[in-house]
Amino acid sequence: TYLSNLVIQMYGKCGSVENSKKVFDSIHSKSIYTWGLLLIAYTSNGYITQAIQVFDSMPEHDLFSWTAMLAAYAKSGYLQQAKRTFDQMKERDIVSWNAMLTAYSNYQLLKEAKNTFDMMPEHNIISWSAMLIVYAQSGYLFEARDIFDRMPERDLVSWTVMLVSYSENLKPHEAKFIFDQMPEQDVVSWTAMLAAYTHTGHVEQARHVFDSMRERNLISWTTMLLACTNAGNLDQAQGIFDSMPERDIVSWNALIAAYAERGQLDHAKRLFSSMARWDRVSCTAILRGFAISGAIEEAKVAFDSMQEKDLVAWNSMLLAYARNNYLGEAEAFFLVMPDRDVVSWTVMISAYAINGQPASARRVFDSMPEQD
RNA sequence: AUCCGGCGGAGUGUGUCCC
C-alpha cells in the first residue's frame, strides 16, 4: 500500500490518471490518504467530473480533500461551487482560506478577495501575494506596491509577482527596478523580465535579457519569439523558432498567429499543416489568417473543424463575416451563438455602423441585455 | 535523509479613437 500510494501519485504527476485509477482500484484497504491521492491526480489534471465523483465516494473528508475540491472547482470555472464547498467545511486552516482567497483573486473579484483576506484568522506570504495580484490586475498599482512594501516577508515568488504587476501595467522600467533589487532570480523571474520588455515593444532590451539568461526554457524561448513578432520581425521570429531546443503547441501557435495576423497565409498554413496536433488556439489563429485574407469559406472550414469552440472562436468567426461585409451571415451567425459577450456585441454593432446602416446598428444595440 | 497528499509567480488565438 505504501508503494501503491506512491505509484498513484507518480502517475497523477505524469498526467496518467487512468493508471492512477487502476492502481487505486487494486488496493484493498484504502486509507483517506489514498483517496486523497486519487483526488489530486484528477484535480491537478483538470478532470473535474471524476474529481467530484471521487470526492463524493470518499468515506470521509479531511482538510486536504476539502481544500483540493474547493480549488478544483475554482480552477474549472465553478466559483459558486467553490464557495459552497468552502462554506460547508467544518474546519479551515490557512491553506483552505488561501485557496478561497486565490480563487477570488483569479476571478479578479477584488471586493470578495479583500473580504476574505480580512476575515482570515492569519495571513502568510501566499495570502499577501494573492492580494497583491488582485490589486495589480484591477489596475491599483499603488495599492499593490503598498501591499508589497507591507508584507512581513518576501520570497522569490512575491518579488516576481511585483515585477509582473509592473509588467502587466506596462511599466518595464519599474519592473526592471524590482528585478535588480530581487535578492535572487530564477528562470521564471528572468522570463517575466523578458516579457515586460516584450509587451512594451522593447525588442533590444528583450534580446539583451534573453542573451543574458543562464537558463532558458520553452516559455523563455516563446517569449523571445513574441518579442520579435511584436516588432514585426517575422524572419527573426522564425529564426528563434528554428533554433528552439524544443517546441510545444504554444510556441507553434505563437508563430502561426503572427503570420496569420500579417496575412502571410502561406507561412501560416505551412506551419499549421506541420503541427502534430491542433487546439482551438491554432484553429482560431489560422481562421483569423483566412479572414484577414478574405478567404471566408476557408475561415468557416477552420471554425467547423474545431472540436471545442469557445467564445473567442465564435467571436473570431463573427468578425470574419463582419469584416468581409457578409452582414447577413454575420447576423445569422450572431443569432445562433451559444454565448455573447461585449466583444460579440461590439463586432456586430460596429459592422452595421461601418456599413452605413445606423438603424440596424441601433436595433442590435437596443437588443443588448445590459449596455456596458 | 532538506523536500516528498491541499493554496501563490513567467509564454500562444477575438472587438474597442487614430493609424
Side-chain angles (χ1 to χ4, degrees), chain A residues 5-6 8-9 12 31-41 43-44 62-72 74 93-103 105-106 124-133 155-165 167-168 186-196 198-199 217-227 229 248-258 260-261 279-289 291 310-320 322-323 341-351:
Chain A
N5 282 341
L6 276 175
I8 292 179
Q9 189 181 6
S31 67
I32 178 81
Y33 177 80
T34 306
W35 280 95
L37 289 176
L38 182 66
L39 181 66
I40 298 305
T43 59
S44 55
D62 58 6
L63 256 176
F64 290 82
S65 45
W66 279 106
T67 308
M69 199 61 235
L70 189 176
D93 64 1
I94 190 159
V95 177
S96 36
W97 278 98
N98 278 341
M100 194 66 242
L101 170 61
T102 58
S105 172
N106 290 335
N124 65 9
I125 199 162
I126 296 185
S127 336
W128 287 96
S129 294
M131 284 312 292
L132 201 173
I133 291 173
D155 64 5
L156 183 52
V157 175
S158 1
W159 280 95
T160 308
V161 166
M162 193 64 241
L163 192 167
V164 170
S165 298
S167 170
E168 283 173 345
D186 64 359
V187 66
V188 175
S189 42
W190 273 96
T191 307
M193 194 58 242
L194 176 60
T198 299
H199 294 149
N217 62 17
L218 250 176
I219 300 186
S220 335
W221 280 93
T222 307
T223 307
M224 189 60 230
L225 189 159
L226 284 170
T229 65
D248 67 359
I249 196 160
V250 174
S251 30
W252 283 88
N253 289 345
L255 190 55
I256 289 179
E261 184 185 0
D279 63 6
R280 61 190 177 200
V281 176
S282 340
C283 294
T284 307
I286 200 89
L287 187 168
R288 181 150 184 258
D310 61 4
L311 195 46
V312 173
W314 282 92
N315 284 340
S316 304
M317 190 63 228
L318 178 67
L319 185 69
R323 281 279 162 85
D341 65 0
V342 62
V343 176
S344 337
W345 288 97
T346 308
V347 168
M348 196 63 239
I349 292 168
S350 53

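So that the names make sense, note that chain A is the first sequence line, chain B the second, and so on, each numbered from 1. Keep in mind it's a predicted model, so treat the numbers as computed, not measured. Scope of the values below: all heavy atoms of this structure, side chains included, with no hydrogens, waters or symmetry mates.
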Between A/Ser220 and A/Thr223, does any side-chain donor sit less than 3.5 Å from a side-chain acceptor?
no
Protein-nucleotide distance ([X], atom [atom1]; [N], atom [atom2]), rounded to Å:
| X | N | atom1 | atom2 | value |
| --- | --- | --- | --- | --- |
| A/Glu168 | B/G8 | CD | C1' | 14 Å |
| A/Leu70 | B/G8 | CG | C1' | 15 Å |
| A/Leu225 | B/G11 | CG | C1' | 10 Å |
| A/Asp341 | B/G13 | CG | C1' | 14 Å |
| A/Asn98 | B/C7 | CG | P | 11 Å |
| A/Leu287 | B/G13 | CG | P | 14 Å |
| A/Ile219 | B/U12 | CD1 | C1' | 11 Å |

What's the gap between B/U12 and B/G8 when it is taken at their C1' atoms, as a whole Å value?
23 Å
How would you label the contact of [X] with the nucleic acid (heavy atoms, under 4.0 Å): base, sugar-phosphate, or nothing?
| X | answer |
| --- | --- |
| A/Ser158 | base |
| A/Asp248 | base |
| A/Val161 | sugar-phosphate |
| A/Asn217 | base |
| A/Leu156 | base |
| A/Asp279 | nothing |
| A/Ser316 | sugar-phosphate |
| A/Val95 | base |

I'd like to know if [X] reaches the base of [N] with its side chain such that a donor and an acceptor end up less than 3.5 angstrom apart.
| X | N | result |
| --- | --- | --- |
| A/Asp155 | B/G8 | yes |
| A/Asp62 | B/G5 | yes |
| A/Thr223 | B/G11 | no |

Do A/Leu255 and A/Leu225 make a side-chain contact, defined as non-hydrogen atoms from C-beta onward lying under 4.5 Å apart?
yes
So what stems show up for RNA chain B if we need 3 or more Watson-Crick or G-U pairs in a row, all under 3.5 Å?
none
Report yes if a side-chain nitrogen or oxygen of A/Arg288 is closer than 4.0 Å to either non-bridging phosphate oxygen (OP1 or OP2) of B/U14; otherwise report no.
yes
